[in-house]
Q: 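Got a structure here, written out as structure tokens. Questions coming.
In this text, all values refer to a predicted model and were calculated from it rather than measured experimentally.
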Protein chains: 2
Amino acid sequence: MASSVTGPEIERLIQLLARLPGLGPRSARRAALHLIKKREALMAPLTGALQTAMDRIQVCKTCGNIDTTDPCTICTDPRRDPAIIVVVADVADLWALERANAINGLYHVLGATLSPLDGIGPDDLAIDSLVSRAHQAQVKEVVLALNATVDGQTTAHYITDLLQDADVKVTRMAHGVPVGGELDYLDEGTLSAAMRQRTLF
Amino acid sequence: MASSVTGPEIERLIQLLARLPGLGPRSARRAALHLIKKREALMAPLTGALQTAMDRIQVCKTCGNIDTTDPCTICTDPRRDPAIIVVVADVADLWALERANAINGLYHVLGATLSPLDGIGPDDLAIDSLVSRAHQAQVKEVVLALNATVDGQTTAHYITDLLQDADVKVTRMAHGVPVGGELDYLDEGTLSAAMRQRTLF
């Protein structure tokens with residue numbers, strides 16, 4: 001019934017919007033209606049922005065970052081310290097570290113973490129290219145910025161083993177109390193780690 | 001920092017996605033990344049669907065529905081009962097009634113409800129065209145399918161007054177217990193109305 005009323009074009013738009021993370025069928029319908037009502041103010045610019053992204057965005061062959069240039073802006077930035085490679089599972093993690101201005105090195109995006117349960121093995125990750133980058137003379141440190149989950153830590157151990165031959169220091173991010181976090185709500189593992197790694201005030 | 005890393009094209013896409021209802025800045029970033037990763041499977045079809053919608057979608061000059069034809073599919077459907085005009089505030093309400101297959105009449109979209117607090121007066125609503133439609137010979141009933149809120153009911157009273165000269169029955173949707181609703185959670189007004197309008201089992 002709905003499709004005969006709204007027409008196949010609108011139904012298709014709703015269905016595609018519903019495939020975005022964060023939007024369900026109901027909110028996709030609201031989003032489609034909002035777009036149609038704001039035709040010039042929102043729909044036209046969004047259509048254009050998507051077309052531009054379609055035309056110009058590519059994956060950096062060096063680090064796996066997403067950008068409009070290949071090599072990407074980070075890989076070609078002379079102010080970055082080429083001695084440090086920060087290994088992340090996903091581009092979203094790279095973006096998060098960059099927003100935090102957390103480190104001034106280069107990156108390496110694995111694309112996922114090892115996950116036997118989901119059938120994700122070493123060949124599905126950009127690990128070979130990481131090992132070869134780690135053997136370059138200028139690289140001194142590989143920071144494993146992976147999630148503190150079982151899959152993330154499994155991946156970290158796997159990569160650490162592979163990098164034993166390379167002349168690099170392999171590090172990981174510190175565990176501890178999140179800024180603004182309340183001790184009462186933290187798990188025991190985090191509390192123990194934060195206490196073990198306590199620093200001078 | 002983020003904009004220098006992801007590039008202005010991606011930042012603009014994120015900003016536009018964040019203006020969709022249901023998506024905030026954080027989920028817009030996730031949505032953008034999802035789109036970029038699913039370039040062929042999702043981003044390309046969505047870009048196309050938006051372009052098609054841009055090119056083809058228009059507002060029905062008769063009823064205010066959104067469709068690819070004007071007059072819209074509903075207004076031109078010979079199976080619809082032209083004696084009934086269902087007045088709704090928004091196209092979303094029309095879609096909801098159609099999904100429910102609730103009534104087989106024609107529609108009239110006001111565009112909003114009267115709201116003195118928000119500065120929405122009668123001139124901002126498609127009321128003149130409703131009054132003129134209500135005076136057409138074939139129209140026998142005007143159903144006010146407006147929200148059961150103060151603004152919705154104010155609008156319903158205002159329209160009812162205007163339609164006194166027209167030879168139509170003005171009706172509204174019944175109040176009552178929602179299907180699947182639990183009495184314990186319903187307000188007293190709904191419970192009283194549902195009891196007053198009780199029907200044979």
Q: May I ask you to check whether over 12 heavy atoms, not counting those of A:Q197, lie within 6.0 Å of atom CD?
A: yes
Q: Taking A:G22, A:G24, A:P45 one by one, which has the highest count of heavy-atom pairs under 4.5 Å against chain B?
A: A:P45
Q: Non-hydrogen atoms of chain B under 4.5 Å away: do they reach the side chain of A:I36, the backbone, both or neither?
A: side chain
Q: I need the A:L35 CG to B:L16 CG distance, nearest 0.5 Å.
A: 9.5 Å
Q: Heavy-atom distance under 4.5 Å to chain A: side chain of B:L46, backbone, both or neither?
A: both
Q: Just wondering, more than 12 heavy atoms not from A:D167 lying within 6.0 Å of its CG?
A: no
Q: Check whether B:A41 gets within reach of chain A through its side chain, its backbone, both or neither, counting any heavy atom under 4.5 Å.
A: both
Q: Do you know which of A:A28, A:A44, A:S27 has the most heavy-atom pairs under 4.5 Å to chain B?
A: A:A44
Q: Is it true that, when you exclude B:D77 itself, more than 12 heavy atoms of the residues, nucleotides or ligands shown sit nearer than 6.0 Å to its CG?
A: yes
Q: Write out all pairs satisfying salt bridge (Lys or Arg N to Asp or Glu O under 4.0 Å) with one or both partners inside residues 40-56 of chain B, taking only residues at least two apart or from two chains.
A: A:E9-B:R56
Q: Shorter than 4.5 Å, heavy atoms on both sides: which option in A:I57, A:T69, A:L20, A:L42 has the most such pairs with chain B?
A: A:L42
Q: Could you check which of A:R30, A:R19, A:K37, A:Q15 has the highest count of heavy-atom pairs closer than 4.5 Å to chain B?
A: A:R19
Q: Could you walk me through whether B:D90 and A:L33 pass the side-chain contact (heavy atoms from CB on, under 4.5 Å) test, one step at a time?
A: CA-CA 10 Å; B:D90 196 282; A:L33 199 52; 3.6 Å; yes
Q: For A:T52, is it the side chain, the backbone, both or neither that has a heavy atom under 4.5 Å from a heavy atom of chain B?
A: side chain
Q: Looking at every non-hydrogen atom in both residues, tell me the closest pair between B:P21 and A:L23 and how far apart they are.
A: O-CD2, 3.9 Å
Q: Counting only heavy atoms not in A:Q138, do more than 12 sit closer than 6.0 Å to its CD atom?
A: yes
Q: Give the member of B:H34, B:K38, B:R39 that has the highest number of heavy-atom pairs under 4.5 Å with chain A.
A: B:R39
